[in-house]
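We use all heavy atoms of the structure for the numbers below, so side chains are in, but hydrogens, waters and symmetry mates are not. Counting starts at 1 for both ligands and their atoms, following the listed order.
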Amino acid sequence: MAILSINIDRLRRDIDNLARFTRGPGPGVTRLTFSEEDRAARAYLRDQMEAIGLRVVELPPGIMIGRLESTTAGGPAVMAGSHIDSVLQGGRFDGIVGVAGALEVARVLVDNQVPIRNPYEVVILPEEEGTSFGAVLTGSKAWVGQLTSDRLGQMRRADGVTYLEAMERYGLPASGLDAHRLHRGRAKAFLELHIEQSVVLEEAAVQIGVVTTVTGIRGFDATLVGIANHAGATPMARRRDALAGAAQLMAELERFTPTLGAHTVCTVGQIACSPGARNVIPGEVRLSIDFRDIENLDVKWAKLASYLEEIATRRGLKLALGQVAGSEPVSLAPPLQDLLDGIVVRRGLSGMRMPSGAVHDAQIMASVTDVGMIFVPSREGRSHCPEEFTAPPDIERGANVLLDAVLALTSA
Ligand SMILES: [Zn+2]
């Protein structure tokens, strides 16, 4: 069969159209799960999928699926998709490239009457960003059973409405959650095309990233305790200044982290100083620490933590570290990495294997099926902002890799 390719004009039109479903005012895209904008975007996608003969269903916890039936015996579905929710004033490409790309792949299969042994499903996942209900990957986690109905009933958005209530108001009964859970065996594979959201591909001038591993996370609350005292009467040598200690800790953390590995990253994103007065030496500082890597997180963190404790002790401060969150690194299916690598070569593209520093639904889907993930370059690495941009030729190349992977998996 001649090489099939996606139609970038149709795909761009979808991306442009979906960008219009945003809560104004303000720049960028704001599309929150179960909002009016979300409903309108889903209606648009439903129309597009039904227009080419896909059977569209929506299931609790808010999953939308457009299914193209097998032309032969059937078997587990080959799924491709991503999310359509956004951060506040985010970009037009995050998640959308994967959804619109999966839709465009369906059009190519239908237009060319490609015989497929396995059904093909376009999958749209809700609440990936956690903007409304506070936790990332909520939709995929709930779908595979990692979040219970009880938990969804406790997760609230700012107006007090729980995930379950918002889902029911949208029209999906909470009672259907268990029945529609995604079990192992239902999918042959899940493929996600996504913008890279960093500068690795752009700086290497490489067109396609084949994701190997999604990074694991350890989240800590750190409390640094010194002695609050008079800012005028306490000589410099006698101070136990918790904030000055925190400053040193943060500087050392920045210096020490890269020595742990090429993919190790660590971020202090929040800081609170007590008592927080102009004329009082700070007695206590609380910091958030977000530590990520693709392997050996606990061993590496232990090294970093003992170094931080040493610094605190040297300054006469007490450091307490409490873990508040954690997720393990997830390796994506090696056979799918090989498949994607082969497609990149056959298409004459440049590609590289790389880990993902950001979390993605793909890592949750990996608990129930083989997962492959394709990255395309992000201009200047910008994402989660209105400036987020991926050039149409890059999207086209990524969607063609997705198409070839779907063709291989549905026909094999
Ligand atoms: Zn995303």
Side-chain touch I217/V359, heavy atoms, less than 4.5 angstrom: yes
Please indicate whether R12 has more than 12 foreign heavy atoms, meaning atoms of other residues, nucleotides or ligands, lying under 6.0 Å from its CZ. no
Option from H194, H83, R31 for which side chain to side chain contact (heavy atoms under 4.5 Å, CB included) with I96 holds: R31
Taking side-chain hydrogen bond (donor to acceptor under 3.5 Å, both in side chains) as the criterion, tell me which of T22, N17, D16 meets it with R20. N17
Taken in chain and number order and not counting sequence neighbours, the residues that satisfy side chain to side chain contact (heavy atoms under 4.5 Å, CB included) with E387 are R382, C385
Aromatic ring centroids of F93 and F389 under 6.0 Å? yes
If waters are left out, how many protein N/O/S atoms lie within less than 2.8 Å of the Zn ion (ligand 1)? 3
